[in-house]
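In what follows, a structure is listed as structure tokens, so that the remarks can point back to it.
Values below: every heavy atom of this structure, side chains too, minus hydrogens, waters and symmetry copies. Numbered from 1 within each chain, the chains take letters A, B, ... in sequence-line order.
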Number of protein chains: 2
Amino acid sequence: MNDEGVVGVAELLDRTTAQTYASWFRALADPTRVQIVEYLARQAQAMSVREIVAAIGLAQSTVSQHLKILTEVRFVLVEPIGTARHYRINDACVDCFPSAADVVMGRPAPNPNGAC
Amino acid sequence: MNDEGVVGVAELLDRTTAQTYASWFRALADPTRVQIVEYLARQAQAMSVREIVAAIGLAQSTVSQHLKILTEVRFVLVEPIGTARHYRINDACVDCFPSAADVVMGRPAPNPNGAC
DNA sequence: AGGCTTAATCGCCTATCGGCGATGAACGAT
DNA sequence: ATCGTTCATCGCCGATAGGCGATTAAGCCT
């Protein structure tokens, strides 16, 4: 038995789109980053790294690394204030964050490196 | 300078909830799994592993591993048919897949191991 | 200038991930 | 009983991720 009994020929979702989706989801695929995002969202103003470190309870270098990942997908925004840097949630990116339904419908993924 | 100039005291999102969120997002944090999900969603009936392997173009063991990860969060469902196993999308899980807004609002995460 | 604070970066370590081929279990057909 | 098919699992490998401490750079304040 070796036929090609495929129903719909069904091209695969192109790899680039799949990778873009994956990079979005990877940003929230770590519990620490989930905590950081939820924490930042609950703050009225932008927070310094020192404050975030105090809240999260991990080393400053670790938190800094997570913040870098989150800013790379524009999930959080930075504003330099003197020697400090203030981080805050990017509400636009929260809105355009893809859903599973987007994946399932094969919708084009929002570009994490461009404007949301 | 060492005061606690925090605005809202702001408890951290509990680690268990954060981990549940992370495991949801991790399921779609790989481009191959995104392709598998999108492919399955576009099929009328459930597909055998052999068919999925043919579509994806990776080794059978690799695809099998990805399917295991996707079934663990109930993202896809399995039905054994003789010696084969037929996989299909779990529409309920697609619907309850968390959004970034859910994380930001600190909503309780849907349980990936229970019913969706 | 010198010292303090803040935060990014570097190097290291361990754990996990994603790929593979090989093996083996389960089942249908002969 | 034996063979073929289907698929999960195992062991291996290189690459990546996540944690840490130490270092470095950049501002501020005396």
Side-chain angles (χ1 to χ4, degrees), chain A residues 1-6 12 15 18-19 21-37 40 45-73 75-88, chain B residues 1-6 15 18-19 21-37 40 45-73 76-88:
Chain A
M1 174 154 321
N2 196 5
D3 63 337
E4 299 290 336
V6 186
L12 215 51
R15 192 72 180 177
Q19 242 149 7
Y21 272 125
S23 70
W24 273 104
F25 293 123
R26 194 162 37 237
L28 292 185
D30 178 86
T32 299
R33 284 196 292 276
V34 168
Q35 287 182 307
I36 291 176
V37 164
L40 283 181
Q45 320 96 322
M47 305 294 278
S48 70
V49 174
R50 182 179 55 82
E51 290 169 312
I52 301 170
V53 166
I56 298 297
L58 293 181
Q60 177 262 320
S61 56
T62 302
V63 172
S64 201
Q65 182 57 28
H66 282 304
L67 288 171
K68 182 183 181 184
I69 293 173
L70 288 172
T71 50
E72 272 170 3
V73 288
F75 220 111
V76 301
L77 301 175
V78 208
E79 186 186 5
I81 305 279
T83 144
R85 306 184 78 199
H86 284 196
Y87 288 88
R88 62 185 169 85
Chain B
M1 182 124 345
N2 196 7
D3 65 336
E4 298 291 335
V6 185
R15 192 73 181 177
Q19 241 149 6
Y21 272 126
S23 69
W24 273 106
F25 293 124
R26 193 162 41 236
L28 292 185
D30 178 85
T32 299
R33 285 197 290 277
V34 168
Q35 287 182 307
I36 291 177
V37 164
L40 284 180
Q45 319 97 323
M47 305 294 279
S48 71
V49 174
R50 182 178 54 80
E51 291 169 311
I52 301 170
V53 166
I56 299 296
L58 293 181
Q60 177 262 320
S61 56
T62 302
V63 172
S64 201
Q65 181 57 26
H66 283 304
L67 288 171
K68 182 183 181 184
I69 293 173
L70 288 172
T71 51
E72 273 171 1
V73 287
V76 301
L77 301 175
V78 208
E79 186 185 4
I81 304 280
T83 146
R85 306 184 79 197
H86 283 197
Y87 288 88
R88 63 186 169 87

Between A/S48 and A/E51, is there a side-chain donor-acceptor contact under 3.5 Å, judged purely by atom types and distance?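 On atom types as modelled, these side chains qualify, holding a pair under 3.5 Å.
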For the residue pair B/R85 / B/S64, report whether a side-chain donor-acceptor contact shorter than 3.5 Å exists.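 No, B/R85 and B/S64 have no side-chain donor paired with an acceptor closer than 3.5 Å.
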Determine the interplanar angle of the A/F75 and A/W24 rings, folded into 0 to 90°, and report it as parallel if under 30°, tilted if 30 to 60°, perpendicular if over 60°.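 Rings of A/F75 and A/W24: perpendicular, as their planes differ by over 60°.
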Would you indicate whether the side-chain heavy atoms of A/L40 and A/R88 approach each other to under 4.5 Å?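 The answer is no, as the side chains (C-beta and beyond) never meet within the 4.5 Å cut-off.
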Over how many whole Å does the gap from [X] atom [atom1] to [N] atom [atom2] extend?
X     : N      : atom1 : atom2 : result
B/I81 : D/dA8  : CD1   : P     : 14 Å
B/F25 : C/dC17 : CZ    : P     : 17 Å
B/I69 : D/dT9  : CD1   : C1'   : 14 Å
A/D30 : D/dT16 : CG    : C1'   : 13 Å
A/H86 : D/dG27 : NE2   : P     : 15 Å
B/K68 : C/dG18 : NZ    : P     : 13 Å
A/R15 : C/dG19 : CZ    : C1'   : 11 Å
A/E72 : D/dT16 : CD    : C1'   : 14 Å

Looking at [X], I'd like to know whether one of its side-chain N or O atoms comes within less than 4.0 Å of OP1 or OP2 on [N].
X     : N      : answer
A/Y87 : C/dT6  : no
B/R33 : C/dG18 : yes
B/R85 : D/dA8  : yes
A/H66 : D/dA17 : no
A/R26 : C/dC17 : no

Nucleic acid contacts - residues 56-65 of chain B versus DNA chain C, non-hydrogen atoms under 4.0 Å: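 Within residues 56-65 of chain B, the residues near DNA chain C are B/L58, B/A59, B/S61, B/T62.
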Measure from the side-chain heavy atoms of A/T83 and tell me the nearest of C/dT5, C/dG19, D/dT5.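 Of C/dT5, C/dG19, D/dT5, C/dT5 is nearest to the side chain of A/T83.
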Test side-chain contact (heavy atoms from CB on, under 4.5 Å) on A/T32 and B/R15; report intermediate values, then the result. CA-CA 8 Å; A/T32 299; B/R15 192 73 181 177; 3.1 Å; yes
With no hydrogens and no angle check, is any side-chain donor or acceptor of B/T62 less than 3.5 Å from a backbone partner on B/L58?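 No.
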Can any side-chain N or O of A/R33 pair as donor or acceptor with the backbone N or O of A/L28 at less than 3.5 Å?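 Such a contact is absent between A/R33 side chain and A/L28 backbone.
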When you match A/G82 and A/T32 each to their closest nucleotide on DNA chain D, which lands nearer the 5' end?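 First, find each residue's nearest nucleotide; the 5'-ward one identifies A/T32.
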